[in-house]
*Asks:* 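What follows is a structure written as structure tokens; I'll ask about it next.
Chain A is the first sequence line, chain B the second, and so forth, proteins listed ahead of strands; every chain is numbered from 1. The figures here come from the full heavy-atom set of this structure, side chains too, leaving out hydrogens, waters and symmetry mates.
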Number of protein chains: 2
Amino acid sequence: MDAKHPVRTTEKTLALVEELMDRGPCGVTELTDGLDMGKSAVHNHLTTLREHGYVLKTGDEYQLGLKFLEVGGATRKSMEFYQVAEPEVKSLANETGELANLLVEEQGMGVYLMRSKGDEAVDLDTYAGLRTHLHTTALGKAILAHLPEDRVEEIIERRGLERKTPRSIGSRDELFEVLEGVRDRGYAIDDGERLEGLRCIAAPVKDSSDEVLGAISVSAPASRVSDEDLHGELPERVLSAANVIELNINY
Amino acid sequence: MDAKHPVRTTEKTLALVEELMDRGPCGVTELTDGLDMGKSAVHNHLTTLREHGYVLKTGDEYQLGLKFLEVGGATRKSMEFYQVAEPEVKSLANETGELANLLVEEQGMGVYLMRSKGDEAVDLDTYAGLRTHLHTTALGKAILAHLPEDRVEEIIERRGLERKTPRSIGSRDELFEVLEGVRDRGYAIDDGERLEGLRCIAAPVKDSSDEVLGAISVSAPASRVSDEDLHGELPERVLSAANVIELNINY
DNA sequence: GGGTTCGTTCTCCCATCCAGAACACTTTAG
DNA sequence: CTAAAGTGTTCTGGATGGGAGAACGAACCC
């Protein structure tokens, strides 16, 4: 459902913010040709955002300020699921020595809430707040597998099934087959689909009424994850961490 | 300097966002009486923000979405200082077992970029994105001590010297005296000013041309920090971590 | 000097924002 | 059961204010 009376001025501001996010620090003119607005309009919006801390100016360049982090950080902190899951994801990272992640679904997309690096962890270019298509990661598949089928259809409809790499899921049928497997096993796997040589194991976290709240995962280079580990100890650990979170959520 | 032609519609949207942040999930009517707008206007802004992922609706309640975290997370990730400092703050937390923090100055306020908890760490209510007055924390004092004097005056003028607790700094002269001490020692201390029983040690991080980029700190309960530690091993560790960051920043 | 950028300012017309009223519900009261 | 009071949502027209386009000032670079 879409807005009956959209505030067009606000939409322009938001477009400007996203343009600024994509381009990084830049001048008024550069910003203007990426947007459907005149130079004076862009300038007015920039100075307005600046007065409220959302935009900074250094010399002749404008850039996003940390006010967005303030709002985003407060939003995240207010989520019970994050509060409970955060320490568990950290210990998962410490115990395995690898990269552990926390993802939730919002508007049909996956949003990383945090990542925690163990001693040996690889450094991926994920970060808190990053959005991904759900079907492209183990985390996303763990969530999709436990959503009602019609919601999954809705998400496919809305967000598509764009193929990131040749090995990734690219059709509706393929996805549902994979999700079936995830439900059987209890955890989801990404064996190099997202990034060559990277293996991920993810488990869903559900509340007392069986609704998915999100998913947690461990990502490690294939060189450190044997085929045995991939269906042995590692899933065990991830599932166990997910279980602890579930217990704590329901007090 | 303020905007010559502020975009009032955008300002209304921003006011609404901040109201929503303060109140948490709430209905249109509740939101309306905290704002200088009519109900239909609030509704229009909400639906517009919703279409772009900045606001979510669950039942009859609206709340902030994780889009702010996406923008804020991308902003933070793009900061070189954060990228370099992040791993060092983490090891500082692991080595000491306490809570380690990273703060930068923006618009005369301190903004936490991250916090990392060691094994024994106390759990403060700080979070990435949180803003504080600079004079109220060790981190802030470490930064103020290495800013040009006129910038400090400017910041006092703009943000005031509100006293958080009876023990905290409350006058211009007091502040400058403390900053003098911070410069002499090389690190700043908060001995229960912000929170009874909490001790913090903070060190500034400067770039090659001696400009402050931010500050790092360790916070620990007084019970675990002897008077000796307060001017002994602990500052040593914090300063050492700050030094590593400085070296890495300048390649 | 002339020619090119850039960011910023100005003004006036017309798009559009929004108060207020009306509507469609649900909840509460008696 | 009806009535009253709450909620979120829709609609409309008139006053407001957003922004195109032009002009300005300050850098630059031949």
*Asks:* Determine whether B:Arg76 and B:Glu86 satisfy the following criterion, salt bridge (charged side-chain N to carboxylate O under 4.0 Å, His left out), listing intermediate values before the conclusion.
*Replies:* CA-CA 11 Å; B:Arg76 179 175 69 170; B:Glu86 192 256 8; over 6 Å; no

*Asks:* Just do the salt bridge (charged side-chain N to carboxylate O under 4.0 Å, His left out) check on A:Asp190 and A:Lys141 with the steps written out, would you?
*Replies:* CA-CA 9 Å; A:Asp190 174 348; A:Lys141 286 185 272 183; 5.5 Å; no

*Asks:* Residues two or more places apart in sequence or in another chain: which of them pass salt bridge (charged side-chain N to carboxylate O under 4.0 Å, His left out) with A:Asp210?
*Replies:* A:Lys206

*Asks:* For B:Thr32 and B:Met37, which heavy atoms make the closest approach, and how far apart are they?
*Replies:* CG2-O, 3.2 Å

*Asks:* Going by heavy atoms closer than 4.0 Å, what residues in residues 58-65 of chain A are next to DNA chain C?
*Replies:* A:Asp60, A:Tyr62

*Asks:* Check this for me: does any side-chain nitrogen of one of B:Asp33 and B:Lys39 sit under 4.0 Å from a carboxylate oxygen of the other?
*Replies:* no

*Asks:* What pair of heavy atoms forms the shortest contact from B:His5 to A:Asn44, and how long is it?
*Replies:* CB-ND2, 3.3 Å

*Asks:* Bend angle of the helix from C:dG7-D:dC24 to C:dG30-D:dC1 from five-pair axes at both ends, rounded to 10°?
*Replies:* 40°

*Asks:* Show me, pair by pair, the donor-acceptor contacts under 3.5 angstrom made by side chains of residues 127-138 of chain A, not counting sequence neighbours?
*Replies:*
from	atom 1	to	atom 2	distance (Å)
A:Arg131	NE	B:Glu70	OE1	3.0
A:Arg131	NH2	A:Glu106	OE2	3.4
A:His133	NE2	A:Arg159	O	3.0
A:His135	NE2	A:Glu162	O	2.8
A:Thr136	OG1	A:His133	O	2.7
A:Thr137	OG1	A:Gly140	N	2.9

*Asks:* According to a strict under-4.0 Å criterion, is A:His43 in side-chain N/O contact with OP1 or OP2 of C:dT8?
*Replies:* yes

*Asks:* Do you know the tightest heavy-atom contact between A:Thr9 and A:His45?
*Replies:* O-CE1, 3.5 Å

*Asks:* Which distance, rounded to the nearest 0.5 Å, do you find between the NE2 of A:His43 and the NZ of B:Lys4?
*Replies:* 11.0 Å

*Asks:* Using a strict heavy-atom distance below 4.0 Å, which residues from residues 13-33 of chain A are in contact with DNA chain C?
*Replies:* A:Gly27, A:Val28, A:Thr29

*Asks:* For the side chain to side chain contact (heavy atoms under 4.5 Å, CB included) test, which of A:Leu113, A:Ile143, A:Val205 pairs with A:Leu103?
*Replies:* A:Ile143

*Asks:* Roughly how far, to the nearest 0.5 Å, is CG of A:Leu56 from CG of A:Leu64?
*Replies:* 8.0 Å

*Asks:* Between P on C:dC23 and NZ on A:Lys4, what's the gap in Å once rounded to a whole number?
*Replies:* 18 Å

*Asks:* Under the criterion salt bridge (charged side-chain N to carboxylate O under 4.0 Å, His left out), I'd like the reasoning laid out for A:Glu61 against A:Lys57: C-alpha separation, chi angles, the key distance, then a yes or no.
*Replies:* CA-CA 6 Å; A:Glu61 298 215 308; A:Lys57 187 173 135 179; over 6 Å; no

*Asks:* Respond yes when some side-chain nitrogen or oxygen of A:Lys57 is under 4.0 Å from OP1 or OP2 of C:dT8, and no when none is.
*Replies:* yes

*Asks:* What string of B, S and - do you get for nucleotides 18-30 of chain D, 5' to 3', when a contact is any protein heavy atom under 4.0 Å?
*Replies:* SBBB---------

*Asks:* Going through the checks in order, is the salt bridge (charged side-chain N to carboxylate O under 4.0 Å, His left out) test met by A:Arg158 and A:Glu154?
*Replies:* CA-CA 6 Å; A:Arg158 180 163 176 204; A:Glu154 206 177 292; over 6 Å; no

